[in-house]
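Heads up, the thing below is written out as structure tokens.
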2 protein chains.
Amino acid sequence: MQQLKTVLSVGEVAKRTGVSVATLHFYEQKGLIHSQRNAGNQRRYSRDVLRRVAIIKVAQRTGIPLEQIGKALSVLPLGQNADQHHWQQMSQQWKAELDSRIAQLTDLREQLSMCIGCGCLSMAHCPLRNPLDKLAAQGTGAHFYPLPGEVLPEENS
Amino acid sequence: MQQLKTVLSVGEVAKRTGVSVATLHFYEQKGLIHSQRNAGNQRRYSRDVLRRVAIIKVAQRTGIPLEQIGKALSVLPLGQNADQHHWQQMSQQWKAELDSRIAQLTDLREQLSMCIGCGCLSMAHCPLRNPLDKLAAQGTGAHFYPLPGEVLPEENS
DNA sequence: TGTTGACCTTAACCTAACCTGAGGTTTTAG
DNA sequence: CTAAAACCTCAGGTTAGGTTAAGGTCAACA
């Protein structure tokens, strides 16, 4: 049994990480991963790329866009192993975002549940009709979506 | 006070729903909404379009793609009011999808929490390293992402 | 009646996250 | 040594969900 390979070709990395070669090129272009070149101009990766790609994939599962992942990764020492501290920092931050996304969806689900009962989408009562909650009050003004049959204080005609 | 307007111009619908005119054209092109034309070829909407757009926006907040929304909407009577039954059907289905998306993210969060503690992303123990859980066993084979320093049962060299 | 604002269509452009193909070089296995 | 497999770059394509622009028509108000 020999020593572990210390450098990997793009194909090996692809196989190991489960992403395509094209994707690795793409990630490199976006600055998410890095490589050295050999005499024949072929990419040679140090093993830390495996961890980086693993991190990328985890982060993507949380719904974080690549650009943001890139920023987080940029604090990792290049070509070195991410140390535990860095990883903890990142994952803690991502967990916070996950928390918030989950909270949003959970809110929505609750509203949806309520509205399944009433089936109304009624202007006056349905929170779903005014998703403007916190986002509102900055837009084009109050949006009013009257349902047919509702009598409204509408501009005449 | 007069009768409610029964037809709406594209601009009115845009104002009321908060989406742009271009977006309404786009939705129409995608078959999500429908319109009549007046003598001068301008779009005239019946009021149910307001409800349709409201539904579209709610569904989008749950992360459902337009195409799928379109399918759901297609069961609504055209130019008529969505009845309570239809709406309940849709919202129930969407709630189910929301449930599943929330569950996925919650799983991920749990794993992330665990891994914040250990900070390892270790092959042997970290669930995050093998997101292949249920999705796996159909791909390119078991993906193994060894960390540097880990001794692996690797093909030699 | 005129002019401005609202509409029309078609087509091109945008971001994200890749994928595909062409044309050419390098590496590797026999 | 040679052929196939792997790699390279660069350009263009893809999907989703729109946005922007160009060039022309329609309608509402004074």
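These numbers come from a predicted model, not from an experiment. Convention: sequence-line order gives letters A, B, ...; per-chain numbering from 1.
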Please check the phosphate of [N] (OP1 and OP2 only) for any side-chain N or O of [X] closer than 4.0 Å.
X: B:Arg44; N: C:dA6; result: no
X: B:Tyr27; N: D:dG17; result: no
X: A:Arg43; N: D:dC8; result: yes
X: A:Ser20; N: C:dC18; result: no
X: A:Ser9; N: D:dA6; result: no
X: A:Asn38; N: C:dT27; result: yes

Can A:Ser9 and A:Gln42 be counted as having a side-chain donor-acceptor contact under 3.5 angstrom?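 There is no such pair (donor and acceptor under 3.5 Å, judged by atom type) between the side chains of A:Ser9 and A:Gln42.
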Looking only at side chains, do B:Thr62 and B:Glu97 share a donor and an acceptor under 3.5 Å apart?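 B:Thr62 vs B:Glu97: no donor-acceptor pair found between side chains.
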Atom-to-atom span, [atom1] of [X] to [atom2] of [N] - whole angstrom:
X: A:Tyr45; N: D:dC7; atom1: OH; atom2: P; result: 9 Å
X: A:Glu28; N: D:dC10; atom1: CD; atom2: P; result: 12 Å
X: A:Lys57; N: C:dA17; atom1: NZ; atom2: C1'; result: 14 Å
X: A:Phe26; N: D:dT14; atom1: CZ; atom2: P; result: 17 Å
X: A:Gln68; N: C:dA17; atom1: CD; atom2: C1'; result: 15 Å
X: B:His25; N: D:dG18; atom1: NE2; atom2: C1'; result: 13 Å
X: B:Arg61; N: D:dG17; atom1: CZ; atom2: C1'; result: 18 Å
X: A:Lys71; N: C:dA16; atom1: NZ; atom2: P; result: 11 Å

Pick the closest DNA chain D nucleotide for B:Thr23 and for A:Val21 by heavy atoms, then say which residue is nearer the 5' end. A:Val21
Starting from the 5' end of DNA chain D, give me the residue, A:Gly40 or B:Gln60, whose nearest nucleotide shows up first.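 Going by which nucleotide is closer to the 5' end, it is A:Gly40.
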Closest to the B:Gln42 side chain: D:dC7, C:dA16, D:dC26? D:dC26
Can you tell which of D:dC7, D:dT9, C:dC18 lies closest to the side chain of A:Asn41?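 Of the options given, the side chain of A:Asn41 lies nearest D:dT9.
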For B:Arg43, which of B:Gln36, B:His34, B:Glu28 qualifies under side chain to side chain donor-acceptor pair (under 3.5 Å)?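 For B:Arg43, the side chain to side chain donor-acceptor pair (under 3.5 Å) test succeeds with only one of B:Gln36, B:His34, B:Glu28, which is B:Glu28.
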Could you grab the distance from atom OG1 of B:Thr23 to atom CG of B:Leu32, nearest 0.5 Å is fine?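 Between B:Thr23 OG1 and B:Leu32 CG, I get 11.5 Å after rounding to 0.5 Å.
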Walking DNA chain C from its 5' end, the first of A:Ala22 and A:Ala39 to be reached, judged by nearest nucleotide, is A:Ala22
A:Lys30/A:Glu67 under salt bridge (charged side-chain N to carboxylate O under 4.0 Å, His left out): CA gap, chis, key distance, verdict: CA-CA 8 Å; A:Lys30 292 286 173 181; A:Glu67 192 179 340; over 6 Å; no
